[in-house]
Amino acid sequence: MAKSFSKLTRPNMRKLAPCGKISENGITFERQANGDGVFTVNIMVDGQRIHRVIGQESEGTTRTQAEEFIAKVRNDAKHDRLALPKGRKVALSFRDAVVKYLERLKESGGKDLKMKTARLNHHLVPFFGDMPLSKVNTFSVERYKRQRQQEPVMDRYGGKAIERAPKKITITKPGTINRELAALSHLFNKAIEWGWIEHRLAKITHFQEGHGRITYLTAEQVVRLVECAKADTCPVIYPFIVIGVETSVRKMEILSIRREHVDLQRRAIFIQKAKSGAREQPITKHLAEFLAGYIAALPSGSPWLFPSHGAKSGHAVDIRKAFRHVVKAAELDPDKVVRHTLRHTAITHLVQAGVDLPTVKRISGHKTLAMVERYAHQNGAHIEGAMDKLQNRFKLAS
């Protein structure tokens with residue numbers, strides 16, 4: 001779209017006195033002492049300063065030519081054809097690097113591709129845009145972090161800000177920003193591996209997490225939630241909640257389970273698209289018996305445990321509305337008890353039952369023990385019981 005000019009107009013340039021200047025939209029017209037006029041351009045393109053003398057008025061140079069020069073430079077930069085000094089590599093923009101990065105991950109079966117795509121395209125690309133990838137540094141990353149801290153929460157598809165309460169704005173959480181920084185860090189690592197850049201571009205410092213208490217349900221609340229789910233009209237919410245609290249499996253991992261991946265004899269479910277890579281999920285005896293009856297009642301012809309004829313994938317993908325309805329029916333807070341709370345609940349109760357952390361890690365599918373240790377957080381009965389055991393070992397006199 002052409003720029004509009006209010007100062008740098010033909011009448012104003014004709015009336016300009018010797019040694020006078022008019023600048024607008026990156027173009028400057030200067031009336032020299034001899035009466036001739038000179039057009040120059042001074043703009044920033046992809047983080048680089050472009051300063052050129054376009055020509056003199058006496059040689060037939062016009063403002064239109066200056067505009068055309070700017071348009072060409074920006075177009076060339078967009079297609080990585082900016083005229084750089086000889087011997088230098090053509091600058092790869094952050095935007096184009098993301099496109100190539102995601103294409104290569106897709107071809108090689110990269111993990112967590114859907115969420116990486118969302119984090120990059122919805123947040124990182126709009127911020128860094130056409131900046132050369134090699135120009136992204138620690139300072140620009142810190143600017144990104146500060147900006148994200150001030151932004152209201154967006155839904156997962158990049159929609160409008162979620163209003164959770166009247167006159168209340170929910171600011172983006174540190175954990176959310178950390179996941180975006182992790183995607184940026186992985187992009188940097190791959191860029192080095194693929195020869196796009198020579199060295200690490202920026203030091204990425206993550207925000208501190210894990211100081212707050214993890215929300216989980218008590219045993220009594222779990223029973224109440226399950227009973228309300230059983231009475232709900234949504235046919236998938238009951239089995240979804242039962243699987244969630246008895247396995248700690250994540251939402252999309254549950255909804256995308258295929259029938260063939262349920263092994264009732266070995267009491268295991270193969271999670272093909274788990275966040276940390278494909279894995280085998282052990283299940284309880286009760287869940288195995290429950291799934292035997294549930295699978296037998298499913299309509300034939302669909303390979304999914306949660307089939308949905310209206311979904312492009314063939315299986316259910318969103319049960320948020322039904323889940324909130326059940327949570328309310330169980331007299332719980334739907335803004336605090338979310339679908340991921342089922343995972344927190346299962347893991348927390350495993351820890352409180354005295355299960356060793358490596359075994360909990362095996363069941364939960366976490367990458368590291370440090371991530372599991374967050375669940376040993378409550379001053380509950382299991383902590384008191386552990387201290388009682390220590391006391392009984394020594395039996396010291398008062």
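Shown are Phe306, Phe290, Tyr294; of these, the ring-ring contact (aromatic ring centres under 6.0 Å, His included) with Tyr238 is made only by Phe290.
Formation of a donor-acceptor pair under 3.5 Å by the Glu280 side chain with backbone atoms of Ile271 is not found in this model. A distance-only check finds a donor-acceptor pair linking the side chain of Asn12 to the backbone of Lys7 [under 3.5 Å]. No donor-acceptor pair under 3.5 Å is formed between the side chain of Thr359 and the backbone N or O of Val355. Thr215 contributes no side-chain N or O that, together with a main-chain N or O of Lys336, makes up a donor-acceptor pair within less than 3.5 Å. At distances below 3.5 Å, at least one donor-acceptor pair connects side-chain atoms of Lys145 with backbone N or O atoms of Thr205. A donor-acceptor pair is defined here as one N or O able to donate and one able to accept, closer than 3.5 Å; no such pair exists between the side chain of Thr9 and the backbone of Ser6. A donor-acceptor pair under 3.5 Å links the side-chain atoms of Ser140 to the main chain of Asn137, judged by distance alone. Although no hydrogens or angles enter the test, the distance criterion places a donor-acceptor pair under 3.5 Å between the side chain of Arg343 and the main chain of Ser248. Looking at Glu30, its side chain never comes within 3.5 Å of a backbone N or O of Phe39 through a donor-acceptor pair.
Of all the heavy atoms in Val360 and Leu350, the pair that sits closest is CG2-CB, 4.0 Å. Contact between Leu133 and Ala191 at its shortest, heavy atoms only, is CD2-CB, 4.0 Å. Scanning both residues, Val136 and Met131, for their nearest heavy atoms gives CG2-SD, 3.8 Å. Among all heavy-atom pairs drawn from Met252 and His315, the shortest one is CE-CE1, 3.9 Å. Looking at every heavy atom in both residues, Arg362 comes nearest to Pro282 through NH1-CD, 3.4 Å.
In the hydrophobic cluster analysis, where Ile, Leu, Val, Met, Phe, Trp and Tyr join through side-chain heavy atoms closer than 4.5 angstrom, Leu264 is grouped together with Ile269. Hydrophobic cluster membership differs between Met13 and Val53, with clusters built from Ile, Leu, Val, Met, Phe, Trp and Tyr side chains linked at under 4.5 angstrom. Each of Val245 and Val223 belongs to its own hydrophobic cluster when Ile, Leu, Val, Met, Phe, Trp and Tyr are linked at side-chain heavy-atom distances under 4.5 angstrom. Using a 4.5 Å cut-off between side-chain heavy atoms of Ile, Leu, Val, Met, Phe, Trp and Tyr, with links allowed through other members, Leu187 and Ile197 fall into the same hydrophobic cluster. Grouping the Ile, Leu, Val, Met, Phe, Trp and Tyr side chains by contacts below 4.5 angstrom, directly or via other members, places Val236 with Ile295.
With respect to the salt-bridge test (charged N to carboxylate O, under 4.0 angstrom), the residues Lys190 and Glu193 qualify. Salt bridge annotation for Glu220-Arg224: present, with a cationic side-chain nitrogen under 4.0 angstrom from a carboxylate oxygen. Using a 4.0 Å cut-off between charged side-chain N and carboxylate O, Asp112 and Arg119 make a salt bridge. Here Arg324 pairs with Asp335 in a salt bridge; the nearest charged N to carboxylate O distance falls below 4.0 Å. Between Glu151 and Arg148, at least one side-chain nitrogen of the basic residue sits less than 4.0 Å from a carboxylate oxygen of the acidic one, meeting the salt-bridge criterion.
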Check the pair Thr284, Glu246 against side-chain hydrogen bond (donor to acceptor under 3.5 Å, both in side chains), reporting the backbone distance first and the verdict last. CA-CA 7 Å; Thr284 65; Glu246 292 204 27; 2.4 Å; yes
Can you list the steps and then say if Glu107 with Arg104 is a salt bridge (charged side-chain N to carboxylate O under 4.0 Å, His left out)? CA-CA 5 Å; Glu107 292 171 0; Arg104 290 202 177 190; over 6 Å; no
Start with the C-alpha distance between Asp318 and Arg339, add both sets of side-chain angles, then the distance that settles salt bridge (charged side-chain N to carboxylate O under 4.0 Å, His left out), and finish with yes or no. CA-CA 11 Å; Asp318 187 11; Arg339 288 152 294 175; 3.7 Å; yes
Ring pair (Phe, Tyr, Trp, His ring centres under 6.0 Å) for His186 and Tyr101? Distances and angles first, verdict last. CA-CA 10 Å; His186 191 256; Tyr101 163 80; 5.8 Å; yes
Thr218 vs Gln221, side-chain contact (heavy atoms from CB on, under 4.5 Å): CA-CA, chis, key distance, verdict: CA-CA 5 Å; Thr218 65; Gln221 289 172 329; 3.2 Å; yes
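Summarising the local packing, NE2 of His309 is surrounded by 12 or fewer heavy atoms from other residues, nucleotides or ligands at distances under 6.0 Å.
For the atom pair CZ of Phe29 and CG of Leu16, the computed distance is 6.5 Å after rounding to the nearest 0.5 Å. Taking NZ of Lys100 as the reference point, atom CH2 of Trp194 lies at 9.5 Å (rounded to 0.5 Å).
Using a 4.5 Å cut-off on side-chain heavy atoms (C-beta onward), Asp232 and His325 make contact. Leu8 has its side chain out of reach of Ser23: every pair of non-hydrogen atoms, C-beta onward, lies at least 4.5 Å apart.
Counted by atom type alone, Tyr216 and Gln352 present one or more donor-acceptor pairs between their side chains at under 3.5 Å. Side-chain atoms of Arg200 and Asn189 form a donor-acceptor pair, as typed in the model, at a separation below 3.5 Å. Using modelled atom types and a 3.5 Å distance limit, the side chains of Arg279 and Gln281 yield a donor-acceptor pair.
Thr368 is linked by a side-chain contact (heavy atoms from CB on, under 4.5 Å) to Ala370, Met371, counting only residues two or more places apart in sequence or in another chain.
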